[in-house]
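What follows is a single structure, written as structure tokens, with notes after it.
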Amino acid sequence: MSEIQRVGVVGCGLMGGGIAQVCAQAGYETVVREVDQAFLDRGMSGIQKNLDRAVSKGKLEESERDAIVGRLQPTLALDDLAECDLVLEAIIENLDAKIELFSAVGKLCKATAIFASNTSSLSITEMAAGTDRAERFVGLHFFSPVPVMPLVEVVRCGQTSEEAFKLAYAFAESLGKSPIACGDNTGFVVNRLLVPYMLDAIRAYESGVASIPDIDTGMRLGCGYPMGPFTLGDFVGLDTLYHITDIMYNEYKEARFASPPLLRRMFLAGYHGRKTGKGFYDYSDDEPVVSDFVK
Ligand code: 3HC
């Protein structure tokens with residue numbers, strides 16, 4: 001185990017909740033901070049459900065589940081992060097909000113604490129520069145669903161010290177994850193390759209290549225992917241995909257990162273995928289069907 005003992009996770013949504021769960025599972029005292037009690041309750045009940053499912057499948061003892069839950073400290077108070085050795089944010093994908101958060105947390109935490117962002121596309125360098133500890137700032141980018149996906153991208157920028165990078169890398173390993181080292185290039189490794197693929201799938205559909213289910217089936221059965229690109233888009237969230245696309249296009253100014261018109265319209269219409277019940281597919285019934293927006 002690394003020198004890190006107490007972890008603060010800021011944000012308890014899809015990603016933050018999963019990150020908090022794996023931290024507590026790995027034995028870390030984990031403070032989970034949200035801005036709103038309803039968000040916090042929803043995130044904590046998601047963690048509880050995941051752990052209950054593991055118990056019912058015989059993969060976790062009830063006593064282990066209770067110990068994991070006991071290591072989680074849900075809170076609305078930023079001050080509760082003061083004793084954390086690592087503070088990891090998974091809040092909205094907005095640079096100003098992240099910089100503001102780290103600036104506030106910097107005033108509370110010890111100078112040795114490491115700060116990390118789970119951003120999928122914003123600049124780690126820019127976030128680090130806005131803190132009092134650029135040399136102890138890294139990216140720790142997890143993948144959804146966090147309890148299942150083994151990868152963590154550990155991102156270092158020009159200012160990151162070797163010591164902080166090694167600690168963050170060892171921390172990811174201590175969670176049972178398989179880290180890879182990345183530089184601070186927008187999209188890092190995975191999204192740089194995955195996002196243009198998903199956007200191309202939308203363009204292929206827009207130009208009449210095949211139906212949404214057939215493109216999904218093609219990539220699943222032809223390439224062995226667990227989900228086709230549209231199912232994956234709905235799973236990640238079309239709002240998230242749209243925001244990442246926007247950030248990547250602004251960075252690289254390359255057409256392959258530009259949002260297809262359909263994605264932008266679905267984002268604007270609130271068709272954000274599973275989280276809103278409708279995206280490319282409609283999830284009202286047990287078996288998803290193609291949604292009215294793209295019929
Ligand atoms: N949360 C927690 N656990 C989950 C879960 C969730 N949302 N969904 C599934 N699981 C668990 C199940 O409990 C099950 O656990 P078990 O093996 O211990 O019993 C295991 O995952 C397998 O689940 P299922 O048998 O129900 O379903 P599948 O075999 O179809 O797997 C999947 C589900 C793991 C989600 C699989 O479809 C998959 O790997 N999909 C691709 C996911 C992917 O590509 N993620 C990356 C997205 S990109 C990203 O996150 C980056 C960001 O920046 C956008």
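All residue numbers refer to positions in the sequence shown, counting from 1. For ligands, and for the atoms within them, numbers begin at 1 and follow the listed sequence. Everything numeric in this text was worked out from a predicted model, so none of it was measured.
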> What do the steps show when you test F257 against Y249 for ring-ring contact (aromatic ring centres under 6.0 Å, His included), and what is the final call?
Replying inline: CA-CA 5 Å; F257 296 114; Y249 182 72; 8.3 Å; no
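- Heavy atoms of N50 approach ligand 1 to within less than 4.0 angstrom.
- Nearest non-hydrogen protein atom to atom 49 (C) of ligand 1 is F143 CD2, 3.5 Å.
- Atom 54 (C) of ligand 1 has its closest protein heavy atom at V236 CG1, 3.5 Å.
- In this structure, the protein non-hydrogen atom closest to atom 16 (P) of ligand 1 is K59 NZ, 3.1 Å.
- Proximity of L241 to ligand 1, defined as any heavy-atom pair under 4.0 Å, is not found for any part of the residue.
- In terms of protein heavy-atom proximity, atom 21 (O) of ligand 1 is closest to V148 CG2, 3.3 Å.
- In summary, the side chains of D234 and Y283 do present a donor paired with an acceptor at a separation below 3.5 Å, with no hydrogens or angles considered.
- The single protein non-hydrogen atom nearest to atom 50 (O) of ligand 1 is S144 N, 2.9 Å, given as residue, atom name and distance.
- For atom 3 (N) of ligand 1, a protein heavy-atom neighbour is found at a distance under 4.0 Å.
- Distance check on atom 30 (O) of ligand 1: every protein heavy atom falls at or beyond the 4.0 Å cut-off.
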> When you look at S291 and D282, which way does the side-chain hydrogen bond (donor to acceptor under 3.5 Å, both in side chains) test go after all the steps?
Replying inline: CA-CA 5 Å; S291 86; D282 183 329; over 6 Å; no
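- In this model, no donor atom of one side chain and acceptor atom of the other lie less than 3.5 Å apart for Y252 and N185.
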>> Go through it in stages, so that I can follow the logic: the residues are D200 and Y205, the test is side-chain hydrogen bond (donor to acceptor under 3.5 Å, both in side chains), and I'd like the CA-CA distance, side-chain angles, deciding distance and then a yes or no.
In response: CA-CA 9 Å; D200 259 347; Y205 166 69; over 6 Å; no
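- Among all protein heavy atoms, the one lying closest to atom 48 (S) of ligand 1 is L194 CD2, 3.7 Å.
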> Passes side-chain hydrogen bond (donor to acceptor under 3.5 Å, both in side chains), E93 versus S120? Steps please.
Replying inline: CA-CA 8 Å; E93 203 65 340; S120 51; 3.1 Å; yes
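- Distance check, rounded to the nearest 0.5 Å: OG1 of T119 to CD of E89 gives 7.0 Å.
- There is no protein heavy atom closer than 4.0 angstrom to atom 26 (O) of ligand 1.
- Within the cation-pi definition used here (under 6.0 Å to the ring centroid, within 45° of the axis), R274 does not qualify as a partner of F235.
- Protein heavy atom at the shortest distance from atom 14 (C) of ligand 1 is K57 NZ, 3.6 Å.
- If you look at N191 next to ligand 1, the close heavy atoms, those under 4.0 Å, all belong to the side chain.
- Distance screen at 4.0 Å: atom 23 (O) of ligand 1 has no protein heavy-atom neighbour inside the cut-off.
- Using bins of under 30°, 30° to 60° and over 60° for the plane-to-plane angle, the ring pair Y28/F171 lands in the tilted bin.
- Among all non-hydrogen protein atoms, the one lying nearest atom 7 (N) of ligand 1 is P145 CB, 3.6 Å.
- For the pair H141 and ligand 1, the shortest N or O to N or O distance falls below 3.5 Å.
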